Structure formats: C-alpha cells, structure tokens
Amino acid sequence: MAAQCVTKVELSVSCDNLLDKDVGSKSDPLCVLLMNTSGTQWFEVGRTEQVQNCLSPQFAKKFVIDYYFELVQKLKFGVYDIDNKTIDLSDDDFLGEIECTVGQIVSSKKLTRPLVLKNQKPAGKGTISITAEEIKDNRVVNFEVEARKLDNKDFFGKSDPYLEFYKQTDRGWQLAHRTEVIKNNLNPVWKPFKIPMRSLCNGDLEKPIKVECYDYDNDGSHDLIGIFETNLSKLQEASRTTPAEFECINMKKKQKKKHYKNSGVVSVKSCQVVKEYTFLDYIMGGCQINFTVGIDFTGSNGDPRSPESLHYISPQGFNEYLMAIWSVGLVIQDYDSDKMFPAFGFGAQIPPSWQVSHEFPLNFNPANPFCAGIQGVVDAYRVCLPQVKLYGPTNFSPIINHVAKFASEAAQQNSAAKAATQYFVLLIITDGVITDLDETRNAIVNASRLPMSVIIVGVGGADFSAMEFLDGDDGTLRSPTGQPAIRDIVQFVPFRKFQNAPKEALAQCVLAEVPQQVTSYFNTHNLRPPNDPTPAASS
C-alpha cells in the first residue's frame, strides 16, 4: 500500500551560539538536511545557503518535504562551517547536528535542541531551532444554489437537473464539482455543497468558472439544459436577500429560436469562502492525540510458555503483540505531549480474586493505568503476562466504552472551548473471533459521534471476517437496532499481511486513515485548533 502524502511542510532553520572555527573571523555556517524513512540509509534532502561570518544564523532558504502522518520520518540537521568551494562536506568544519522526527517538529511549533558532535558530546553552547509550516490553500467555497424555470427535456414528467462546475486550466476546462440530481423538478433546490477553492479557481477570484446544467438520464445520455460563465468574485456577491442570478443559455436553442431568452435561471443564494482546517493545523495548533492500548489475553492465544502461543516471547524478545505495539506506538507517541499511555488487557482472570476482567490495567493500578512511553507499555505487558490466566470470552465493547467515556468528556470540553483540544486513538490487538459483536457494534456506532478512532490489529491465523465487517470501508456499519455510524472510525488490519514487510509497513497501513478521521470530526463540529487566531469555518 503506497503511503498517502498528507501535505507538504516547509521547515525554517536558525542556529544560536555556534562554535567558531575561523581564525580572525566568525564561522560561515550552512545547514544540510538528511532524511531516513527505513533502515540505516540516509539521503540528502537539501542545503541552506551559506551565511557569512555569523554564529547565530537565520537561514533564508527553506526545506520543503512531503509529510506522512503514518511514517516515522527521521531527520538529521547537520551544520558546517564552509571553507571551500567543494560540494563534499567532509572537508569542512563540522559544527554539530541533531536527529529528530518530522512528527516531533510539527507537534512542537518550534523545536529547539542543543547541537551535538559526532561523539555525541555537546557542540559548545550551539543550538538549532526548526519551525514547520504547512504549504496549502485549505479554503473551501460553501454554496447554496437553486434554479427556476429550467427547460423541460423529458417527454414523461419533468427534467432531473444537476449542475457541473468547471475550472479553467491551460489544457481547457476541468471538472471541479458535480451536484446531486434533483428528480422531476424544473425549480430545483440543491443541498448545500462545498468545493475546495484550489479545485474551483486556484485561489484566483477573477479566474473564469463555467457552470453547466444538465437533465440526468439513466442511460448516460444527459441532455444539456444550459451554460453560464462567471467567476468567484461575482459569485461572492450572493446573499439570501439578493442572490447572484445567472441565465442558463443553450446555444443550439438560441440559434434556432428567434425569441429565445434563456433555458432557466440559476440562483446562487450563498457563496462563502471559509478556511477548512487540515490535520496539521490541528496538530500544530495544540490538539493532543491520546493513545490507549488494549491487549487480548483470551485463552485462544495459547499458553504463553509454549512457543506456539501468540503471547510467547521469542529469545529475541518479540512476539506479534509487541511488534504491533512498537510499530504503531512509535508513530503516535510524537503527537502526545506527556507520552503517558493507558494500557489495558481483556479476557483474562486476574489476581487476587481470579475473576475474568475485560478491562484491567496492565500495571494492575486502576487509579493510574498510565505507562511512560511505548517502552513503558512494553515493560508493563511483559510483567503482566506471567501474572494472569488467559481465559475468555473476547469482548471488545468494555474497552471501547472505557475510552469513549474519556472521549465524551473531551467532546464537552472541545465544544465549551469551541476548540479541538483532544482526540483519542484506541489500538486493540487481538487474536480473533469476537464474542460480543452486537455490543461492539453498538459501542462503535456511539463512539462515531465522539473524537476517537479505533485501530484493530489481528494477530495469528484466525478468521477475521467479523473484524472486516466492523471496518466501515465496505459500507456503513450499523448497530443491531439499525442506527448507522456517523463516520467510519474503525481500521482493521491482519498482522499476517505484514509478517515479511518492512517494520514501518504495518503502522503505515493502520494509521493512514487517522488524519482524515481527525479533520472530518473537528471540521464537522466547527472546532478550530486551540491556538488558531482565525475564526472557525462556518458550514
């Protein structure tokens, strides 16, 4: 699965108190950026300009990189004092470097770190600061449009009109949006719709926009009712009291009919340009992603002491549960400022009463189920494993409802602050067949209204068809009573698909949908990033 580039990010770099390597003058620094997304291979992204005689340079040249939420993108910033004209940096004085990830930069607004030498000792008092800015035009145009007295193109009944909006390009007209079809109506009122501004006119208010009105036919031979041209500047003059009105002209009809006036009038009641926030707007604006882990301790995993068990930890210190925790956790942890992750087990008998529990803290501390970092989750799992008896059944709903309780409180805080302060991601790792399917469907449908996503990783070789059913990619998930999920919040991935793939591939696949799930939730609820001065989008 190819990673989806979420966006492009521009990195600005400055340094302070660099080492002075020049006698009689100051260092002439340059910064080089290297990137690594897998293994040990670093490649050069680019270099800044060289700044003459300066120990605290602000580099004018920016680095532009593709940003992927679902990858750990390692960066290395190296600073050199340039003393010659060669491209090779090995013959220049090294002033220090840092390693970090793109996730760390975008989640900290401005990342400042001490520079270190190749031996990891401090490079004097030298520091480097990196800020990130998303390159985008994330404005959308919200439309409310109706029409009247459209030509009737049908012998039986009336026309079934729809509109197509086109952007002008060097290669001709490019379709930007098609509205819904309104059946059997010559005076249609279309549902409000939105078109990204770059799709409509590349942000140019005067760029021509063509609108074509058609009568829909099932066989695909749609009849043209009429056409008009305008631009966003004219469309924005629309208001409910004085709509922007455009005559639909059908040239063939106009040439044939002597007293032809028009083929109907399209009336734009509202046309508003608003800012729609992106995933990075939320992350860089202070939204926290809270990560929770749920681990399946049911008997079907097999005795952890037996090498056949999915919980058996190999001499190398691994099993599929640990690999899934590391893979997903290493990406997510950059977006959580306190790096404290609650971790739970389900389906085991736990001490001291040996009652079956479907949501017990791995550290056995209900008052404080948090683990410090992903390493803390791994350590808690290792300590917990020999202390519990694997049992059953496989119930997901308690842990989903547990996280949903916190997400519900966050939703109230979000709406009180009118800001997107928190979002929750629950990772469930399981070996298979779910017992409480109806309760889980209910829990997911309820959670679809909340700021949360559920990632399910299936380990082992069981039949995972029920999990595929929970992942709404094939259609809308419904509760047993028929209530639909408001949005698709579940992503299911079988671990076996990734057994022989690079270790980054699993995280790439399970996290690919999270940015879109975050933005669709917050934009739908008109919530802006906590540290954003611009008003929220009105839709």
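The figures that follow rest on heavy atoms only: side chains count, while hydrogens, waters and symmetry mates do not. This one's a predicted model, so the numbers in the text were calculated from it and none came from an experiment.
- Nearest heavy atoms, Met452 versus Val403: CE-CG1, 3.9 Å.
- Residue Tyr391 places its OH atom among 12 or fewer non-hydrogen atoms of other residues, nucleotides or ligands, all under 6.0 Å distant.
- For the residue pair Ser453/Gln517, the side-chain donor-acceptor check at 3.5 Å is satisfied.
- At a cut-off of 3.5 Å, with distance as the only test, no side-chain donor of Asn301 or Ser309 sits close to an acceptor on the other residue.
- A 6.0 Å sphere centred on NZ of Lys497 holds no more than 12 heavy atoms belonging to other residues, nucleotides or ligands.
- Nearest heavy-atom pair, Leu362 versus Gly345, reported as atom, atom and distance to 0.1 Å: CD2-N, 3.7 Å.
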>> Run the side-chain contact (heavy atoms from CB on, under 4.5 Å) test on Thr48 and Phe63 for me, step by step, so that the C-alpha distance in whole Å, both residues' side-chain angles and the decisive distance to 0.1 Å come before the verdict.
In response: CA-CA 8 Å; Thr48 65; Phe63 297 114; 3.6 Å; yes
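- Other residues, nucleotides and ligands contribute more than 12 heavy atoms inside 6.0 Å of the CD atom of Glu180.
- Between Arg441 and Asp438, at least one side-chain N (NZ, or NE/NH1/NH2) sits under 4.0 Å from a carboxylate O, which counts as a salt bridge.
- What you find for Ala420 and Asn414 is that their closest heavy atoms are C-OD1, 3.9 Å.
- Side chains of Thr481 and Gln483: no donor on one and acceptor on the other come within 3.5 Å.
- For the pairing with Phe522, the side-chain contact (heavy atoms from CB on, under 4.5 Å) check across Val518, Asn526, Thr519 returns one residue only, Val518.
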> Does the side-chain contact (heavy atoms from CB on, under 4.5 Å) test come out yes or no for Ser306 and Tyr312, once each step is laid out?
Replying inline: CA-CA 6 Å; Ser306 157; Tyr312 174 74; 6.0 Å; no
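- Within 6.0 Å of NZ in Lys121 there are 12 or fewer heavy atoms belonging to other residues, nucleotides or ligands.
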> Would Phe69 and Tyr335 count as a ring-ring contact (aromatic ring centres under 6.0 Å, His included) if you check the C-alpha gap in whole Å, the side-chain angles of each, and the deciding distance to 0.1 Å?
Replying inline: CA-CA 10 Å; Phe69 169 72; Tyr335 300 87; 5.1 Å; yes
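- At most 12 non-hydrogen atoms from other residues, nucleotides or ligands lie less than 6.0 angstrom from CD of Gln355.
- Looking only at side-chain heavy atoms (C-beta outward), Gln387 and Phe364 come within less than 4.5 Å of each other.
- Ring pair Tyr67/Phe279 is parallel by interplanar angle, where below 30° counts as parallel and above 60° as perpendicular.
- Using modelled atom types and a 3.5 Å distance limit, the side chains of Gln422 and Asn290 yield a donor-acceptor pair.
- In this structure, Lys194 pairs ionically with Glu276, as a charged nitrogen and a carboxylate oxygen lie closer than 4.0 Å.
- Between the side chains of Asn202 and Lys167, at least one donor N or O sits under 3.5 Å from an acceptor N or O.
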> Hey, mind stepping through Phe165 and Phe193 against ring-ring contact (aromatic ring centres under 6.0 Å, His included) and telling me if it holds?
Replying inline: CA-CA 12 Å; Phe165 286 71; Phe193 57 91; 5.6 Å; yes
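- In Arg198, the CZ atom is not crowded: 12 or fewer heavy atoms of neighbouring residues, nucleotides or ligands sit closer than 6.0 Å.
- Residues Cys15 and Val79 come closest through the heavy atom pair SG-CG2, 4.0 Å.
- Looking at heavy atoms from C-beta onward, Ile428 lies in side-chain contact with Phe346 at the 4.5 angstrom threshold.
- A side-chain donor from one of Ser300 and Asp431 sits under 3.5 Å from a side-chain acceptor of the other.
- In Arg305, the CZ atom is not crowded: 12 or fewer heavy atoms of neighbouring residues, nucleotides or ligands sit closer than 6.0 Å.
- Residues Arg47 and Lys61 approach most closely at O-NZ, 2.7 Å, considering heavy atoms.
- For the residue pair Asn401 and Ser397, no side-chain donor N or O sits within less than 3.5 Å of a side-chain acceptor on the partner.
- For an aromatic pair to be called close, the ring centres must be under 6.0 Å apart, and Tyr381 with His311 satisfies this.
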> Going through the distances and angles, do Tyr521 and Arg449 end up as a side-chain contact (heavy atoms from CB on, under 4.5 Å)?
Replying inline: CA-CA 8 Å; Tyr521 175 84; Arg449 296 175 163 71; over 6 Å; no
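- The two residues Val445 and Pro484 make their nearest non-hydrogen contact at CG1-O, 3.7 Å.
- Under a cut-off of 6.0 angstrom, the local environment of CD in Gln58 is sparse, with at most 12 non-hydrogen atoms contributed by other residues, nucleotides or ligands.
- Here the side chain of Ser107 pairs a donor or acceptor atom with the backbone of Asp334 at under 3.5 angstrom.
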> side-chain contact (heavy atoms from CB on, under 4.5 Å) between Ile444 and Phe396: does it pass, once the steps are laid out?
Replying inline: CA-CA 10 Å; Ile444 290 169; Phe396 281 10; over 6 Å; no
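- Side-chain contact between Glu70 and Val514: absent, with no pair of heavy atoms (C-beta onward) separated by less than 4.5 Å.
- By the 4.0 Å N-to-carboxylate-O rule, Glu97 lies close enough to Lys118 to be salt-bridged with it.
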